[in-house]
Amino acid sequence: MKPEILPPEILLVEPMMPAVEQGLDAAYTVHRLSAAADRDRLIAEVGDRVRAVVTGGGTGVKNAVVDALPNLGIVAINGVGTDAVDLEHCRGRGVRVSNTPDVLTDDVADLAVGLMIAASRRMMVGDRFVRAGQWPKGKMPLARKVSGKRLGVLGLGRIGEAIAKRAEAFGMTIAYTNRKPRDGVSYRFVASPVDLARESDILMVAASAGPDARNMVGRAVLDALGPEGLLVNVARGSVVDEPELLAALTEGRLGGAALDVFADEPNVPEGFYGLDSVVLQPHQASATVETRTAMGQLVLDNLEAFFAGRPLPTAVV
């Protein structure tokens, strides 16, 4: 009699879409960390059997958890960002890492443009104005035009380039800054974030996060953007110095902001709440049924490839 072959065991750090969790349950023994009454105890009990970790891009996995899983072979990230996973630590442990790029590019770029329009045209303020019954009593102040403005893109990767292409349809003048100039693009390269902000009406933050990008958008950049400027962030909250941003807005040194990401999600500084110059979103850039389904499928595909000994479709490490 052949011994029973048990499915590989994985650690699911946070809940996923039902279809993704169903796919995981069908192929693996899933240990749900977020549902555990005692997370440390769960890891201690199953750690030596866990071969894979599945997590979200914003949540990642701590090094202490990685080290508590001696047979870990892969961290599959459901998201494009990898800043919440210590890639060098995983590499040193021989642990593979995958993410879900490309499939969310369009949605993030779409929301970025939507935020730019919503903040410039004060759409959220207008919505509240109508709902509060204020329209019969008077008119709203004029808003700001989007078409023809100068757009600075901080980080011209996949998402930054997709935003820039959409902005072309608005007749915007587009410049960007990157670690180095990009080949094959027609947009003007500017060497520093401060210089880019100084030459922009709207600064779009689409840069990859990481230690070298932390608080990249600080007081100098915000003051260069100025009292008529608009900051849009669809990257990571850590890229923007949040206290400096709030101070610039409340003091009138910055015209407005549209934010999908924050430094300590889901905790948003309450100072933003009362500002009509700010549009806030709960990290929704990739949050469509179509894209989250495609992202989840990439997670499943990477896990399947790993356990079959095939190359990972979207390997990071």
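Proximity of a side-chain donor or acceptor of Thr173 to a complementary backbone N or O of Arg150 within less than 3.5 Å is not detected. Under the 3.5 Å distance criterion, the side-chain polar atoms of Arg51 are matched with a main-chain donor or acceptor of Asn71. Looking at Asp83, its side chain never comes within 3.5 Å of a backbone N or O of Gly210 through a donor-acceptor pair. Using modelled atom types, one side-chain atom of Asn233 and one backbone atom of Arg236 make a donor-acceptor pair closer than 3.5 Å. Side-chain atoms of Ser200 come within 3.5 Å of backbone atoms of Leu196 as a donor-acceptor pair (strictly under, hydrogens ignored). Judged purely by atom type and a 3.5 angstrom limit, Asp260 uses its side chain to pair as donor or acceptor with the backbone of His283.
A 6.0 Å sphere centred on CZ of Arg179 holds no more than 12 heavy atoms belonging to other residues, nucleotides or ligands. Annotation for Arg166: atom CZ counts as buried by contact number, over 12 foreign heavy atoms lying within 6.0 Å. Residue Arg144 qualifies as open at atom CZ: its count of foreign heavy atoms under 6.0 Å is 12 or below. Counting non-hydrogen atoms of other residues, nucleotides and ligands closer than 6.0 Å to CZ of Arg214 gives a total of 12 or fewer.
Hydrophobic cluster membership for Leu12: Ile10, Met16, Met17, Val20, Leu24, Tyr28, Val30, Val54, Ile74, Val299, Leu300, Leu303, Phe306, Phe307, Leu312 (Ile, Leu, Val, Met, Phe, Trp, Tyr linked by side-chain heavy atoms under 4.5 Å, directly or transitively).
Checked against side chain to side chain contact (heavy atoms under 4.5 Å, CB included), Pro15 has the following partners two or more places apart in sequence or in another chain: Glu21, Ser34. Residues satisfying the side chain to side chain donor-acceptor pair (under 3.5 Å) test with Asp38, not counting sequence neighbours, are none.
With 3.5 Å as the limit, one finds no donor-acceptor pair spanning the side chains of Thr105 and Asp102. Using a 3.5 Å distance cut-off with no hydrogens or angles, the side chains of Ser238 and Asn215 do not pair a donor with an acceptor. No hydrogens or angles considered: a donor-acceptor pair under 3.5 Å links the side chains of Thr291 and Asp107.
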ask   = What do the steps show when you test Lys62 against Asp86 for salt bridge (Lys or Arg N to Asp or Glu O under 4.0 Å), and what is the final call?
value = CA-CA 8 Å; Lys62 297 184 182 301; Asp86 188 334; over 6 Å; no
request  = Would you check, one step at a time, whether the test side-chain contact (heavy atoms from CB on, under 4.5 Å) holds for Val190 with Arg188?
outcome  = CA-CA 7 Å; Val190 178; Arg188 185 169 57 88; 3.5 Å; yes
inquiry  = Between Glu14 and Arg32, is the salt bridge (Lys or Arg N to Asp or Glu O under 4.0 Å) condition met? List the steps.
reply    = CA-CA 7 Å; Glu14 65 181 22; Arg32 289 170 166 82; over 6 Å; no
Intermediate values then yes/no, salt bridge (Lys or Arg N to Asp or Glu O under 4.0 Å), Arg91 and Glu88 = CA-CA 5 Å; Arg91 187 176 283 111; Glu88 290 307 312; 2.4 Å; yes
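A pairwise comparison of heavy atoms in Ser120 and Met116 identifies OG-O, 2.8 Å as the closest pair.
Criterion: ILVMFWY side-chain heavy atoms under 4.5 Å apart, direct or through other members. Under it, Val194 and Leu151 are not part of a common hydrophobic cluster. Placement of Val153 and Val108 within a single hydrophobic cluster is found when ILVMFWY residues are connected by side-chain heavy-atom separations under 4.5 Å, directly or transitively.
Annotation: the span from Leu87 atom CG to Thr82 atom OG1 amounts to 4.5 Å, rounded to 0.5 Å.
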